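Everything below concerns the one structure shown next.
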Amino acid sequence: MADLRTRYLGLELQSPLVASASPLTGSLDSLRELEAAGAGAVVLPSLFEEELAEDPGPVGADPQAGQPDHAGYGAGPAAYLSLLEQAKASLSIPVIASLNGTTRGGWVRHAARLEQAGADALELNIYYVSSRPGLSGGEVEGNYLDIVREVRRAIGIPLAVKLSPFFSSLANLAGQLVEAGANGLVLFNRFYQPDIDIEAMEVLPALELSSSVELRLPLRWIAILHRRWGISLAASTGVHTAPDVVKVLLAGADVAMMTSALLHNGPDHLRLVELRLRDWMDRHRYETIDQLRGQLSQRSVPDPAAFERANYIKTLASRTPPSR
């Protein structure tokens, strides 16, 4: 039987299948179900900067003393710390905390609290939409780097940064984030874009789950960044099936993070994905994840340009016009 063990952020995982931040990872019961179904690690829902003004209470307080066993979005720091402490006491797999924000205010103090509460690692989910014409791309990147540096100084646990794909030179920024103290990159953050109700004349939130088609963007950049700077890489957005997992591992990912697939199918979907991943590895005679990781990264394929401009041209040429 294929050995699915892998390393992510220096942590030993029994499987590359990670349940990423979502409402599903916000309750102790569902976290237990995810572990039982085969998750190698879990990422708790993001604690948002807008919630950080609430006093989270002392770290180490009894998690059962009046605190719920869930911490969905908007639940606040107290419920979040309680869930983290309970998860660490109940689960045997790594528990990764997540912070979502745009400024340095509050991040450092709460990052330290999450470490004290037992988080095995921290994921910084920096969500910033630059709508000011006078703000340069360099200034936006500088804000990211400042946050990572400040948090890195405050904590000793591994630190991952969940990135947007909307940077002019992503490879360069990745290297700077490593210098600033990041141990891993999560590619990519899937932003939910607003919609417009043309009858009510309102701007509305719109939620649509991802599909496997969206895997291609993280797939390309994982292949490009594999074996650069010794950083861990997590694939996020578009991971739904065992073939999706195989693809990101071949590109060079350490783990495959799943959100939409688990929200749609439930925690037991992990069992099916793991079964089919093992089957693929057995049929292709791979005994370990290490043997297949990065086999089709940019540095490993005969034509590295396949991940750059040449692939774009070939894609356009492959589309034949409809016959008349």
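As the structure is a prediction and not an experimental result, all values here were calculated from the model.
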Q.
Please check: side-chain N/O of Q295 versus main-chain N/O of L292, any donor-acceptor pairing under 3.5 Å?
A. no

Q. Are any side-chain N or O atoms of D254 and backbone N or O atoms of L233, one a donor and one an acceptor, separated by less than 3.5 Å?
A. yes

Q. Heavy-atom distance under 4.5 Å between the side chains of I196 and L204, does that happen here?
A. no

Q) If you measure only the distance, is there a donor-acceptor pair under 3.5 Å linking the side chains of E139 and N143? A) no

Q. Less than 4.5 Å apart, any side-chain heavy atom of P16 and any of L4?
A. yes

Q) Under 4.5 Å between any side-chain heavy atoms of R32 and L28, yes or no? A) yes

Q: Report yes if the side chains of L187 and L163 come closer than 4.5 Å at any heavy-atom pair, otherwise no.
A: yes

Q: Output yes when a side-chain donor or acceptor of R227 lies under 3.5 Å from a complementary backbone atom of G230, and no otherwise.
A: no

Q. What's the spacing between R299 CZ and I224 CD1 if we round to 0.5 Å?
A. 11.5 Å

Q) Do you know which two heavy atoms are closest between A253 and I222, and how far apart they sit? A) N-CG2, 3.4 Å

(Q) Do S98 and L44 have side chains that approach each other closer than 4.5 Å (heavy atoms only, starting at C-beta)? (A) no

Q | Which atom of S168 lies closest to which atom of E141, heavy atoms considered | A | OG-OE2, 4.4 Å

Q: Could you label the plane-to-plane angle of the Y286 and W280 rings as parallel, tilted or perpendicular, counting under 30° as parallel and over 60° as perpendicular?
A: parallel

Q) So which of N189, L99, L124, N100 actually passes side chain to side chain contact (heavy atoms under 4.5 Å, CB included) with S46? A) N100

Q. Going hydrophobic residue to hydrophobic residue with side-chain gaps under 4.5 angstrom, can you get from V255 over to L177?
A. no

Q) Is it the case that more than 12 heavy atoms not belonging to R5 sit under 6.0 Å from its CZ atom? A) no

Q.
With a 4.5 Å cut-off on side-chain heavy atoms, are I289 and M281 touching?
A. yes

Q: Determine the minimum heavy-atom distance between L83 and G26, stating which atoms define it.
A: CD2-O, 3.4 Å

Q) Looking at I93 and G40, what are the two nearest heavy atoms and their distance? A) CB-O, 3.7 Å

Q) Could D290 and R293 be called an ion pair, given the rule that one side-chain N must be under 4.0 Å from one carboxylate O? A) yes

Q) Looking only at heavy atoms, which two atoms of K247 and L215 are closest? And how far apart? A) CD-CD2, 4.1 Å

**Q.** Closest non-hydrogen atom pair, A223 against S297
**A.** O-CB, 3.7 Å

Q.
Does any part of the side chain of V239, heavy atoms only, come nearer than 4.5 Å to the side chain of P218, both counted from C-beta?
A. no

**Q.** Residues, nucleotides or ligands: over 12 heavy atoms within 6.0 Å of I198 CD1
**A.** no

Q) Does any non-hydrogen side-chain atom of L275 lie less than 4.5 Å from one of D279? A) no

**Q.** Gap between atom NE2 of H240 and atom OG1 of T259 - 0.5 Å precision
**A.** 9.0 Å

